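Owing to the predicted nature of the structure, the values given are computational and were not obtained by experimental measurement.
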Amino acid sequence: MAGNDTKASEFMGEKALTEDGRKIVEEEVIEGVNPTFATIMAKHKPNPWGKGHLALYALSTICFLNSTMSGFDSSLMGSINVLENYTKYYHLPAKGTASTGIVFAIFQIGQMTASLFVWIADWRGRRQLMFIGALGVSIGAIVTATATNLPTFIGGRFLLSFFATLACSASPLYLVEVAPPQYRGTLAGMYNTFYYFGSILATSSVYGAHKHLSHRGNLDWRLPLWLQMVCPSIVAVLVLFFPESPRWLVGKDRHEEARDFIIKYHANGDPTHPIVALEMTEIIESLRAEPITEWRNFFDLSVLVKTRARRYRLMLNMTFAWFGQFSGNNVVSYYLPSLAKNVGITNTDTLLLLNIMYALEGYIFSSLGARMHDVIGRRKMLLGSTAGLILSLSVTAGTAAGYVNTGSKTSSTASIAFIFIFGAIFAAAFTSMQPIYPAEVMSNDMRAKGMGTYKLTGGCAGFINTFAAPIALSNIGYWFYVFFIFWDCFEFAFMYFFFVETKGLTLEEMAEVFEAQNPRKASTEKKKVKVRTVLGADGKVEEEIKEFA
């Protein structure tokens, strides 16, 4: 091929000519898993700060507020669980028991129940499901904030979880489908970083309320419960004014609206940009072959398993859902105060401050990690992070054991330090990709039902974690870390052999990867395309793809 290419051009002085006499203005080799998309990005990359992109960032930021729901809840419950006014009011024991566990675990039960209704996103659209979810969370927050007994409080938390799951399933769906392919990991990945933003709001409000209102009855824990409705209320007011996902629009035969979306938000208003034709062609072809859910097939789950490629996609969706909840992270986020007590830190103000610091650290590292997924790639980030989790948990277990056996203050300090290191490592790779990777690996017609599967699987993992954790921590202490060390070793091996790379591919182009004999290998193989810019006889500049290698 190289020899033929040499013969195809003649060199006259410093001018390179093609075999038919046209001047070669520029020639370069572009490498990528998808050479066509890579060529467009190399030669015609849209301005990331153009008017359309900036408008898309603004829409996305409102969607990010949905992610605060889960972060607010996990840190809120972890924080108020150390407040004496709260535990006395509901007659909860200071030491973790099954009663404590069910207050936490009801959130996972609500999540698993709501996962059966995520298909509404295909029926009514992504925006409407976000609206229903955000409005329901606001109602659930009112119930918990006014609950006078534990059963009502638990019921309110079920409502919170149920509707938060609807909103938090529709949001990644929407973001993955509206994000430009070249920034999908960054823009969509930023969504879950707001989990920590919610955590910061919750922990800070509990700390401030405890500091200044603990003498005013139950305000120190009631007030943060009221604040839980702030972010979802903002979403409920604004989200119905958003444009719909172009993929949902194509699925409903509203092609012109989808094209207008891509022109405005992906090409900054340029209808002739090559990205418009590429995306529209791929979306239409994909949905022509496999339409999205209609009322006739709401509960037809065969779409998830009817081919080998689809079963592989579902396997990645479910395993990452489990890994995202079962890598040791839930234990730390929900029970950081209890973990701190295990190594000698018992002051309430200190425990609350640790929660705030942990959330702030997570927000910073997850935001940085969201960008790195588009630079380094999903697989490398996840593998590197999992290796870091194994090391940090190993040191945490060892230092916690040292404190328990010797009472060493140095061991206590080191144990808390490595809990924070664990949090930073997890946030950098896992947090930003938790809802995004499971949505990316689904085809257009699988995505809504796939996100329901993701929520159901994650809910199961979270339920086991949050229900069993207080009992396990009370009875086996630092040995609880050891279990997760071995589990994370299994995760690393599984990711290495099976997880595909999604960086640099449009959602539709992943079909070729999953149809391959070895999808993981196909997703990391690079192809080369030679692109020439030539000057025609009429003086017009033309671009041609010369060859693939």
Side-chain angles (χ1 to χ4, degrees), residues 46 48-70 114 117-138 163-181 183-195 197-198 229-269 275-276 279-280 283 287 292-293 370 435-436 439-440 444 447-448 451 507:
W49 304 111
K51 185 177 179 180
H53 278 66
L54 290 176
L56 186 58
Y57 302 156
L59 296 177
S60 300
T61 301
I62 301 301
C63 290
F64 295 164
L65 295 180
N66 280 329
S67 186
T68 64
M69 300 175 191
S70 297
F117 297 88
V118 176
W119 51 263
I120 295 173
D122 274 351
W123 175 34
R124 302 301 302 171
R126 283 54 169 143
R127 295 179 311 162
Q128 287 200 23
L129 190 58
M130 279 192 277
F131 171 76
I132 292 169
L135 182 63
V137 170
S138 300
F163 287 106
T165 299
L166 296 183
C168 293
S169 297
S171 299
L173 271 176
Y174 183 81
L175 290 167
V176 163
E177 292 183 349
V178 303
Y183 304 123
R184 190 175 62 244
T186 303
L187 186 60
M190 282 294 293
Y191 165 78
N192 215 40
T193 67
F194 272 62
Y195 173 96
F197 186 72
M229 66 184 294
V230 173
C231 288
S233 296
I234 294 172
V235 175
V237 168
L238 297 176
V239 73
L240 291 180
F241 296 101
F242 287 14
E244 224 348 317
S245 154
R247 287 167 173 85
W248 186 82
L249 291 170
V250 169
K252 298 298 180 181
D253 291 324
R254 293 158 62 177
H255 291 201
E256 283 306 310
E257 291 177 63
R259 178 180 170 82
D260 289 344
F261 180 98
I262 294 172
I263 290 172
K264 179 177 180 179
Y265 294 105
H266 289 192
N268 291 318
I275 197 69
V276 177
E279 289 195 59
M280 280 302 296
I283 294 171
L287 289 169
I292 62 174
T293 301
I436 303 308
E440 283 185 324
N444 287 322
R447 194 164 293 120
M451 288 305 290
L507 296 174

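Residues Ile262 and Pro246 share a closest heavy-atom pair of CG1-CB, 4.4 Å. Residues Val137 and Ala164 come closest through the heavy atom pair CG2-N, 3.3 Å. Summarising the geometry of Ala167 relative to Ala134, their closest heavy-atom pair is CB-N, 4.0 Å, with the distance given to 0.1 Å. Nearest heavy atoms, Ala179 versus Leu187: CB-CD2, 3.9 Å. The two residues Leu166 and Gly133 have their closest heavy-atom pair at CB-CA, 4.2 Å. Minimum interatomic distance between Pro181 and Glu279 (heavy atoms only, all atoms of both residues): CD-OE2, 3.8 Å.
Here the side chain of Ser67 pairs no donor or acceptor atom with the backbone of Phe64 at under 3.5 angstrom. Side-chain atoms of Glu244 come within 3.5 Å of backbone atoms of Arg127 as a donor-acceptor pair (strictly under, hydrogens ignored). Side-chain atoms of His266 come within 3.5 Å of backbone atoms of Val178 as a donor-acceptor pair (strictly under, hydrogens ignored). Side chain of Trp248 to main chain of Asp122: a donor-acceptor pair is present (N/O by atom type, distance under 3.5 Å, no hydrogens or angles). Of the possible donor and acceptor atoms, none in the side chain of Arg184 sits under 3.5 Å from a partner among the backbone N and O of Val176. Using a distance-only test at 3.5 Å, with no hydrogens or angles considered, no donor-acceptor pair links the side chain of Asn66 to the main chain of Cys168.
Rounded to the nearest 0.5 angstrom, Ser60 OG and Leu65 CG are separated by 11.5 Å. Residue Thr61 holds its OG1 atom at 13.5 Å from OH of Tyr191, rounded to the nearest 0.5 Å. Atom OG of Ser138 sits about 7.0 Å away from atom CE of Met69, to the nearest 0.5 Å. In this structure, the separation between CZ on Arg126 and CD1 on Ile120 is 12.5 Å, given to the nearest 0.5 Å. Thr68 OG1 to Phe194 CZ: the interatomic distance, rounded to the nearest 0.5 Å, is 8.5 Å. If you take CG on Leu287 and NE2 on His255, they are separated by 8.0 Å, rounding to the nearest 0.5 Å.
Counting heavy atoms from C-beta outward, Arg124 and Ile132 have side chains that stay 4.5 Å or more apart. Looking at Pro232 and Phe163, their side chains never come closer than 4.5 Å, going by heavy atoms from C-beta outward. Contact check for Pro243 versus Leu59: side-chain heavy atoms found under the 4.5 Å cut-off. The side-chain heavy atoms of Leu56 and Pro180, taken from C-beta on, include a pair separated by under 4.5 Å. By the 4.5 Å heavy-atom criterion applied to side chains, Leu240 and Gln128 are counted as neighbours.
The aromatic rings of Tyr57 and His53 sit perpendicular to each other, their planes meeting at more than 60°, with 30° as the lower class boundary.
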* What do the steps show when you test Phe242 against Cys63 for side-chain contact (heavy atoms from CB on, under 4.5 Å), and what is the final call? -> CA-CA 10 Å; Phe242 287 14; Cys63 290; 3.8 Å; yes

